[in-house]
2 protein chains.
Amino acid sequence: MTDIDELRSIRAAELYYEEDKTQDEIGTILRLTRWKVGRLLAQAKANGFIRIEIVHPRARRLGIERQLREATGLTDAIVVSTAGVVDELDLHKRTAQAAADYLTALRPVPRTLGISWGRTLYDISVQLKPGWASGVNVVQINGGVSLNARPGTAAATAVSIAQKGAGQFTLLPSPAILERMETKQAIASDRSVAAVLEMGSAASAYLFSAGQADEDSAHVDSGYLTPEQVAELVRKGAVGDVVGRFIDSAGQIVDPALDERTFGIQLEQLRRAKTAIAVIGGPRKHAIARSVVLSGLCTVLITDEDTALALLREP
Amino acid sequence: MTDIDELRSIRAAELYYEEDKTQDEIGTILRLTRWKVGRLLAQAKANGFIRIEIVHPRARRLGIERQLREATGLTDAIVVSTAGVVDELDLHKRTAQAAADYLTALRPVPRTLGISWGRTLYDISVQLKPGWASGVNVVQINGGVSLNARPGTAAATAVSIAQKGAGQFTLLPSPAILERMETKQAIASDRSVAAVLEMGSAASAYLFSAGQADEDSAHVDSGYLTPEQVAELVRKGAVGDVVGRFIDSAGQIVDPALDERTFGIQLEQLRRAKTAIAVIGGPRKHAIARSVVLSGLCTVLITDEDTALALLREP
DNA sequence: GTAGCCGCTGCTCATATGAGCAAGATCTGC
DNA sequence: GCAGATCTTGCTCATATGAGCAGCGGCTAC
């Protein structure tokens, strides 16, 4: 496009988008035919001079969603817009809202829903509307008896999701990580506990988040790991954890011994699942989000625009 | 609008603006009639959920220009968009470009153009294209023999504008501020100098900028005033200077004694002018821009979006 | 209960817009 | 300088969209 036409296309765009003039009127003003004006506007769009943003907490980025699906083979991708986000709390709320919306619209409605726990899952449970389902069995898929912070949020999350969905809940009565492998085996061999794990393994859908591997990890807050232990995991390549299990950028368990002491379903269960919804958002979770998606841990990713774009930058 | 319609309007907007679907197609997807979709889109617009920005260095904000004209009675207002501005240099370049464009398109073409000097005027002289006018007499309207920094830019500005406009230039051979009033009167009484001032007073159009009153003032850089003297002017109410003369927020001379020693045309000449184009942009110049506009020093203001909005906030 | 009112819906019709095409303008290589 | 190629222009025609209006449904005030 010539320089003069570029300038004209900007003048035309101003009149069209800002002043709500018709292309014909613009033609009169700029002394051009209305067809020329139409072409200038098309060029302005094609050159990316026209930026249209939907500014709303529930706005999504459908184009990025499509790109994500195509680049990764995900069944579905939900990408919430970051336009107008004020802080990270706002971003988390938007992502949780999107997850709640997705879950509500999910067909077929899952009979049994396996869930992890954490801030993200808790947020989702808050955003869900009563009546989002009619009779859904919610089952925890990883240990979640919190040691330090906010005792009971793991349980509260499951309870809330189940109650709002007019269904039952089944808790996994175990810590996330046991100190000794013998203890873990003892718990696992308990019939009632084994039954819960079995139910979790047979869930018709999974909803889980993931944590980044750093000193702010939920495992540190909950007292399962020390910051030093996390640092050691990072040294071994950990980018974050999924249902309590720390993985590297290829989705491999980084510390098999630790993993043996971690209580919950196996990652392979998620990889085999027909519906595994990962909700992972926020600037610190770009690496773990990539690992989860690329190693096939989820069939559906719900995330924010920035994380999605980071993922697309190198697929 | 109900909550459910608000959400629908966002979904519709995504499909319309991001996915380029027709309202009819969106109707099929969302199970609505195409008329309902049209109404939802109209509501999304009305609620301000749709933000359209023209991202281009030469983009203007016509809506703000109109508001400025209506609020202030200016003959003309040019407001450059700040969308996509990377730094203040970029902003200055955009403003200067807009001024050059305005000058080039100005009708009737001024026979004699009175100009001030400074970074802004220099930038404009650079942006002007050779042949912007055919035979324009450029005359300096305030003293500008720089003492310290970049000697000769004042002269270079006038020369460049005149040469690119295929015309003549007339310099005002005097410092901006004289140390003693006697010196000023002596210079003023010189026939050739008086002739220049007279030509300046009779110019058919004026193009000038304004400086903010702070330690970064061009008067400090040029060595005419010390930072302490400027601080004293600020204490007296100065918000900036126009053609070298410091004024308060009401457009009044703040220090008559200093003003007596300042060389150039009187502010009243600008206020009486039929075409007085002020080019004032940048975050530090909000106060002086307001004073210039409200005290009638210009008939045309060329500025940036942020400055214009600050001006509109309290008219 | 019901008459009157208000707002939403689905329509008709006029207008605005984009696709496609033929003719003219401009460029390129020899 | 000119033949062919390519790009641009102004058009026709099909489609998308917005304005305006009649009818329906739900709500309020007696």
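Per chain, numbering begins at 1; letters A, B, ... match sequence-line order. Every heavy atom of this structure was used, including side-chain atoms; hydrogens, water molecules and symmetry mates were not.
- Taking only side-chain nitrogens and oxygens, B:Q23 never comes nearer than 4.0 Å to OP1 or OP2 of D:dT15.
- Residue B:W35 has its side chain nearest to C:dC11 when only C:dC11, D:dT17, C:dA19 are considered.
- With hydrogens and angles ignored, the 3.5 Å screen pairs no side-chain donor or acceptor of A:T82 with any backbone N or O of A:V85.
- When the P atom of D:dA14 is taken as reference, atom CG of B:D24 falls 18 Å away, rounded to whole Å.
- Using a 4.0 Å cut-off, no side-chain N or O of B:Y16 falls inside it from OP1 or OP2 of D:dA16.
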Checklist line | CA sep, side-chain torsions, deciding dist, call: B:K93, B:D90, salt bridge (charged side-chain N to carboxylate O under 4.0 Å, His left out) | finding: CA-CA 5 Å; B:K93 189 173 171 186; B:D90 188 15; over 6 Å; no
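- For the side chain to side chain contact (heavy atoms under 4.5 Å, CB included) test with A:E18, the passing option among B:R66, B:R61, B:E65 is B:R61; the others fail.
- In terms of heavy-atom proximity, A:E19 sits nearest to B:G63 at OE2-N, 3.6 Å.
- With a 4.5 Å cut-off on side-chain heavy atoms, B:D123 and B:V279 do not count as touching.
- Between B:D20 atom CG and D:dT17 atom P the separation is 10 Å, expressed in whole Å.
- Taking atom NZ on A:K21 and atom P on C:dT15, their separation rounds to 18 Å, with Å as the unit.
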Strictly under 3.5 Å: I want the nitrogen or oxygen pairs between protein and nucleotides 5-9 of chain D, one per line.
| unit_1 | atom_1 | unit_2 | atom_2 | d |
| --- | --- | --- | --- | --- |
| D:dT9 | OP2 | A:K36 | NZ | 2.9 |

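- The CG atom of A:L41 sits 12 Å away from the C1' atom of C:dG18 (whole-angstrom rounding).
- Annotation: side chain of A:K285 is in contact with side chain of A:T120 (closest heavy-atom distance under 4.5 Å).
- Distance, B:L15 CG to D:dA16 P: 16 Å, rounded to whole Å.
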